[in-house]
Amino acid sequence: LAAAGVHPAPLDELLGSCRAVTLHLPLTARTEGLIGERELALMPRGSFLVNTARAGLLDWGAFLRALESGHLAAAAVDTLPVEPPTPESPAPERPTLLVTPHAAWYSPEAEQEVYRRATLAVRAVLEGRRPETGVVGP
């Protein structure tokens with residue numbers, strides 16, 4: 001990775017140096033509200049944010065304010081605080097916000113792969129092995 005110019009970076013450094021940030025991590029006690037007012041302010045004005053992980057990673061008030069102020073040029077999410085949206089909690093609408101259903105991954109091939117991986121994971125556990133595709137371990 002180092003030969004390709006890739007290096008691990010603390011979150012603050014990443015946010016301050018990237019104009020496009022995508023979130024791909026589980027929602028845990030440690031990651032809940034990971035991106036809030038302070039973190040968004042670290043991002044260069046005109047940045048882009050994509051969240052395809054979990055809605056709880058964002059402070060939604062701070063996120064929507066960053067979009068409205070133009071600090072974020074645009075954003076895309078496929079997770080919402082309330083899913084599916086309701087009349088009481090509708091999906092946010094902004095000219096610079098793309099909202100897709102939390103099924104944006106879907107294709108017949110992807111659905112087949114989900115079942116295949118789950119089956120292999122169960123088999124590994126039953127055979128006393130750790131599943132190869134686990135995201136969060138015990």
Side-chain angles (χ1 to χ4, degrees):
L1 291 176
V6 176
H7 68 278
L11 181 61
D12 286 1
E13 180 184 333
L14 172 106
L15 294 173
S17 63
C18 294
R19 293 186 50 84
V21 174
T22 65
L23 303 177
H24 306 273
L25 61 156
L27 181 61
T28 66
R30 193 168 161 208
T31 62
E32 187 170 4
L34 180 73
I35 305 296
E37 201 84 45
R38 186 186 78 77
E39 292 76 19
L40 290 163
L42 292 172
M43 296 177 72
R45 185 167 184 78
S47 295
F48 300 86
L49 181 64
V50 176
N51 182 11
T52 59
R54 296 288 179 248
L57 299 173
L58 297 177
D59 171 335
W60 279 78
F63 169 64
L64 294 174
R65 286 190 297 277
L67 275 173
E68 289 166 4
S69 73
H71 187 78
L72 286 177
V77 298
D78 79 343
T79 65
L80 297 169
V82 175
E83 291 180 338
T86 65
E88 298 77 30
S89 291
E93 294 183 32
R94 305 287 188 285
T96 57
L97 176 62
L98 173 65
V99 178
T100 62
H102 194 58
W105 64 274
Y106 181 76
S107 71
E109 296 82 7
E111 185 175 23
Q112 183 178 4
E113 184 66 11
V114 166
Y115 289 110
R116 187 184 77 76
R117 286 183 183 193
T119 301
L120 291 174
V122 169
R123 180 179 175 183
V125 169
L126 292 174
E127 292 174 350
R129 296 180 290 113
R130 184 180 182 107
E132 293 179 18
T133 58
V135 175
V136 178

J.: Which residues satisfy the side-chain contact (heavy atoms from CB on, under 4.5 Å) test with Leu27, sequence neighbours excluded?
T.: Thr31, Glu32, Arg54, Leu57
J.: Please name all residues satisfying salt bridge (Lys or Arg N to Asp or Glu O under 4.0 Å) with Arg45, sequence neighbours left out, ordered by chain then number.
T.: none
J.: Quick one: side-chain contact (heavy atoms from CB on, under 4.5 Å) partners of Ala91, sequence neighbours excluded?
T.: Leu80, Pro85, Val99
J.: Begin with the C-alpha distance, continue with both residues' side-chain angles, and end with the deciding distance and a verdict on side-chain contact (heavy atoms from CB on, under 4.5 Å) for Ile35 and Asn51.
T.: CA-CA 10 Å; Ile35 305 296; Asn51 182 11; over 6 Å; no
J.: Provide the closest heavy-atom pair for Ser69 versus Ala66 in the form atom of the first, atom of the second, distance.
T.: OG-O, 3.2 Å
J.: How far apart are the closest heavy atoms of Ala73 and Gly46, and which atoms are they?
T.: CB-O, 3.3 Å
J.: Can you tell me how far CG of Leu67 sits from CG of Leu49, rounded to the nearest 0.5 angstrom?
T.: 8.0 Å
J.: When hydrophobic residues are tied together by side-chain contacts of less than 4.5 Å, even through go-betweens, does Leu40 share a cluster with Phe48?
T.: no
J.: For residues 61-96, pull every pair meeting ring pair (Phe, Tyr, Trp, His ring centres under 6.0 Å), keeping only residues two or more places apart or in separate chains.
T.: Trp60-Phe63
J.: Membership question, hydrophobic clusters at under 4.5 Å side-chain separation (ILVMFWY): are Leu120 and Val125 in the same one?
T.: no
J.: For Gln112, enumerate each residue passing the side-chain contact (heavy atoms from CB on, under 4.5 Å) test, keeping only those at least two apart in sequence or located in another chain.
T.: none
J.: Met43 vs Leu72, test: side-chain contact (heavy atoms from CB on, under 4.5 Å). Steps then yes/no.
T.: CA-CA 8 Å; Met43 296 177 72; Leu72 286 177; 4.0 Å; yes
J.: Who passes side-chain contact (heavy atoms from CB on, under 4.5 Å) against Val50, sequence neighbours left out?
T.: Thr22, Thr52, Ala76
J.: To the nearest 0.5 Å, tell me how far Glu39 CD sits from Leu42 CG.
T.: 6.5 Å
J.: Which pairs, with at least one residue in residues 9-31 and sequence neighbours excluded, count as a ring pair (Phe, Tyr, Trp, His ring centres under 6.0 Å)?
T.: none
J.: Which heavy atom of Ser47 sits nearest to which heavy atom of Cys18, and what is that distance?
T.: OG-O, 3.8 Å
J.: Do Leu58 and Leu14 land in one hydrophobic cluster if side-chain heavy atoms of ILVMFWY residues count as linked below 4.5 Å?
T.: yes
J.: Can you list the residues that meet the side-chain hydrogen bond (donor to acceptor under 3.5 Å, both in side chains) rule with Glu83, with sequence neighbours excluded?
T.: none
J.: Kindly say whether Pro108 contributes a backbone atom to a donor-acceptor pair with the side chain of Glu111 at under 3.5 angstrom?
T.: no
J.: Using the salt bridge (Lys or Arg N to Asp or Glu O under 4.0 Å) criterion, which residues pair with Arg129? Sequence neighbours excluded.
T.: Glu127
J.: Per the salt bridge (charged side-chain N to carboxylate O under 4.0 Å, His left out) rule, what does the pair list look like for residues 65-76, sequence neighbours excluded?
T.: Glu37-Arg65, Glu68-Arg94
J.: Can you list every salt bridge (charged side-chain N to carboxylate O under 4.0 Å, His left out) pair that touches residues 10-28, not counting sequence neighbours?
T.: Asp12-Arg38
J.: Are Leu25 and Leu15 grouped together when hydrophobic residues (ILVMFWY) are joined by side-chain heavy atoms under 4.5 angstrom apart?
T.: yes
J.: Identify the heavy atoms of Pro81 and Ala55 that sit nearest to each other, and give their distance.
T.: N-CB, 3.6 Å
